[in-house]
Q: 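Here's a structure for you.
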Number of protein chains: 2
Amino acid sequence: MSKNLTTIQKNIFEFIVDQKIMKGIPPTLAEISNKFGYKNRATAQQHLIAIEKKGYIKKSPKLSRAIEITVEEKFFIPRPILGEVAAGNPLTIYPDAIDSIELPTIVRMPLDSFLLRVKGDSLKDAYIFSGDVVIVNPNHEAQNGHIIVAVLDDAAVVKRFYKRKDRIELVSENPEYKTIVINKNYLKFKIVGVVVGIYRSLEKKVG
Amino acid sequence: MSKNLTTIQKNIFEFIVDQKIMKGIPPTLAEISNKFGYKNRATAQQHLIAIEKKGYIKKSPKLSRAIEITVEEKFFIPRPILGEVAAGNPLTIYPDAIDSIELPTIVRMPLDSFLLRVKGDSLKDAYIFSGDVVIVNPNHEAQNGHIIVAVLDDAAVVKRFYKRKDRIELVSENPEYKTIVINKNYLKFKIVGVVVGIYRSLEKKVG
DNA sequence: TATGTTGCCATACAAATGTATGGTATTATT
DNA sequence: AATAATACCATACATTTGTATGGCAACATA
């Protein structure tokens, strides 16, 4: 039962997540204190206790930097991913694209791959469901049949990719959604990457 | 120009990468020493110096756990799959690793968990399919509604778990398979662990 | 008014941590 | 044969780190 964090607690929490992603390691109490101008570590310590009490983190006693992020939502940090998409509202939805993805969700990524959370069920026949996390590799050439992430008119879609002689087809597995056809000279289309894996966390979904 | 690591150095390097992925933080000298049975931290320290000299890591002096991986981080790391479990009819479990999978480093797998490959489709209404790899945590108490792995008469099954007053029910999501009921005094039943995550690789499934 | 939460400070201390230095033995490499 | 690299141990030391405790002020709530 995680209560809401206060503004300061939220800032500290986000600093921790940030450090984890950017530097690879969570900060020490001293580093948190330094960041927020505290003159001693006890202040940071007390904030961590409060944040832990609210269920956002979990600390291992006596171990340095042992701060675990327990709230799954916070595992995903708002962060501009793609220049083109992030420039506008990343969540803008193309009128005809029924399924969209939450773009602002990167985790500490080796190379430049990233995670996207899928919304919508147009890929449910490919066993990808709303809420699943797809792992996208941008350094991967899209081949026919691959499931790809693409930007189409400022909206992002996850579809199965087919390259034809004169056009590209983006197919939904779900027959309810019709195939999107893109002509070769259509400019507002770009392949973001190839979906190389799917991950689904089951820990919270207790029915 | 990174030279080759010795066997021991490579083991230590991989332990560091492993810890970073699994626990979220790199290890301390003491933790490395403990892992490899060293009686003092100096040994681990000297190995780190050697590994750094070869260009695989970068350490920030005086900072705990501040080990940075400078070599192109692996996107996938091999993990052993310990066996197969049946989502439909029970299937034999194998004593040793039967296979390994390249698990994306972003799929955070708790250190005490292991992987099993699912066979059968009795959980397909829970969106788990044959060929999927489930992440199983043995140190996780099974609660009603959890999807668990259990051993039943020397066979392993993946089912949804419900504890009733006088019995345990293992339910398939797929109505084709009927619920398994276990009486309290039935001995040849043991819960192996709770499924905390699912991973599915898409790379090979190119149609 | 009383009480609890929040936010920050100071001091103190044991344990953990990184670092430095010297030693021994084994195994390449030249 | 001489040298360097590897692999481990022991001891020592200054910092860092987490933790504990007490105090103070602002504010909201009961």
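Below, read A as the first sequence line, B as the second, and so on, with proteins coming before strands; counting in each chain starts at 1. Source: prediction; values computed, not measured.
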Q: For Asn11(B), is there any backbone N or O sitting under 3.5 Å from a side-chain donor or acceptor partner on Glu14(B)?
A: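 Not a single qualifying donor-acceptor pair exists.
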Q: Starting from P on dT6(C), measure out to CG on Asn11(A) and report it in whole angstrom.
A: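 One finds 15 Å between P of dT6(C) and CG of Asn11(A), rounded.
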Q: Within this structure, what is the CD-to-C1' distance between Gln9(A) and dT6(C), rounded to whole angstrom?
A: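 So the CD-C1' distance, Gln9(A) to dT6(C), works out to 8 Å.
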Q: Verify side chain to side chain contact (heavy atoms under 4.5 Å, CB included) between Val149(B) and Leu116(B), making sure each step is shown before the conclusion.
A: CA-CA 9 Å; Val149(B) 175; Leu116(B) 296 175; 3.8 Å; yes
Q: Roughly, in whole Å, what's the span from CD1 in Ile32(B) to C1' in dC8(D)?
A: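 About 15 Å, once rounded to whole Å.
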Q: Given atom CD1 of Ile8(A) and atom P of dC9(C), what is their separation to the nearest angstrom?
A: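 Computing the Ile8(A):CD1 to dC9(C):P distance gives 11 Å.
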Q: Could you run through nucleotides 24-30 of chain C and give me one letter per nucleotide, 5' to 3': B if any protein heavy atom sits under 4.0 Å from the base, S if only the sugar-phosphate is that close, - if neither?
A: -------
Q: Take the protein atom CG of Asn34(B) and the nucleotide atom P of dG18(C), then report the distance between them rounded to whole Å.
A: 14 Å
Q: Do His47(B) and Phe13(B) have ring centres separated by under 6.0 Å?
A: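 Here the rings of Phe13(B) and His47(B) have centres that are no less than 6.0 Å from each other.
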Q: What is the distance, rounded to the nearest whole Å, between atom NZ of Lys39(B) and atom C1' of dT11(D)?
A: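 Value for this atom pair: 15 Å.
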Q: When the C1' atoms of the five terminal pairs at each end define the local axes, what inter-axis angle does the helix from dT1(C)-dA30(D) to dT30(C)-dA1(D) show, to 10 degrees?
A: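 It works out to 30° between the end axes.
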Q: Mark yes or no for whether Lys20(B), through its side chain, and Ile67(B), through its backbone, hold a donor-acceptor pair below 3.5 Å.
A: yes
Q: Taking only the side-chain nitrogens and oxygens of Lys54(A), find out if one of them lies under 4.0 Å from OP1 or OP2 of dT6(C).
A: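 Lys54(A) to dT6(C) OP1/OP2: side-chain N or O found under 4.0 Å.
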Q: Is there a donor-acceptor pair closer than 3.5 Å between any side-chain N or O of Asn144(B) and the backbone N or O of Lys163(B)?
A: yes
Q: Quick one: does Thr28(A)'s side chain have a donor or acceptor within less than 3.5 Å of a partner on Glu31(A)'s backbone?
A: yes
Q: In whole angstrom, what separates Lys10(B)'s NZ from dT6(D)'s P?
A: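 It works out to 16 Å between those atoms.
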Q: Side chain to side chain contact (heavy atoms under 4.5 Å, CB included) with Asn34(A): which residues, sequence neighbours excluded?
A: none
Q: How is Thr6(B) classified with respect to the nucleic acid when contacts are heavy atoms under 4.0 Å: base, sugar-phosphate, or nothing?
A: sugar-phosphate
Q: Check salt bridge (charged side-chain N to carboxylate O under 4.0 Å, His left out) between Glu169(B) and all other residues, then give those that pass, not counting sequence neighbours.
A: Arg164(B), Arg167(B)
Q: Does the side chain of His47(A) get closer than 4.0 angstrom to OP1 or OP2 of dT6(C) through an N or O atom?
A: no
Q: What is the separation between atom CD1 on Ile12(B) and atom P on dA7(D), rounded to the nearest whole Å?
A: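 Roughly 8 Å, once rounded to whole Å.
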Q: Using a cut-off of 4.0 Å between protein heavy atoms and nucleotide atoms, how would you tag nucleotides 13-30 of chain D 5' to 3' with B, S and -?
A: ----BBBBBB--------
Q: Answer yes or no: is there a donor N or O on one side and an acceptor on the other, between the side chain of Arg65(B) and the main chain of Pro26(B), under 3.5 Å?
A: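 Pair found, side chain donor or acceptor close to backbone of Pro26(B).
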Q: Which nucleotide in the set dT11(D), dC8(D), dG7(C) lies at the smallest distance from any side-chain heavy atom of Asn40(B)?
A: dT11(D)
Q: Can you tell me if Thr43(A) touches the phosphate of dG7(C), counting only side-chain N or O atoms and a distance under 4.0 Å to OP1 or OP2?
A: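 It does not, given that no N or O in the side chain of Thr43(A) lies less than 4.0 Å from OP1 or OP2 of dG7(C).
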Q: Restricting to ring-ring contact (aromatic ring centres under 6.0 Å, His included), what partner residues turn up for Phe161(A), sequence neighbours left out?
A: none
Q: Would a distance-only check, ignoring hydrogens and angles, find a side-chain to backbone donor-acceptor pair under 3.5 Å from Gln9(B) to Thr6(B)?
A: yes
Q: With distance as the sole test, does Ser33(A) use its side chain to make a donor-acceptor pair with the main-chain N or O of Asn40(A) at under 3.5 Å?
A: yes
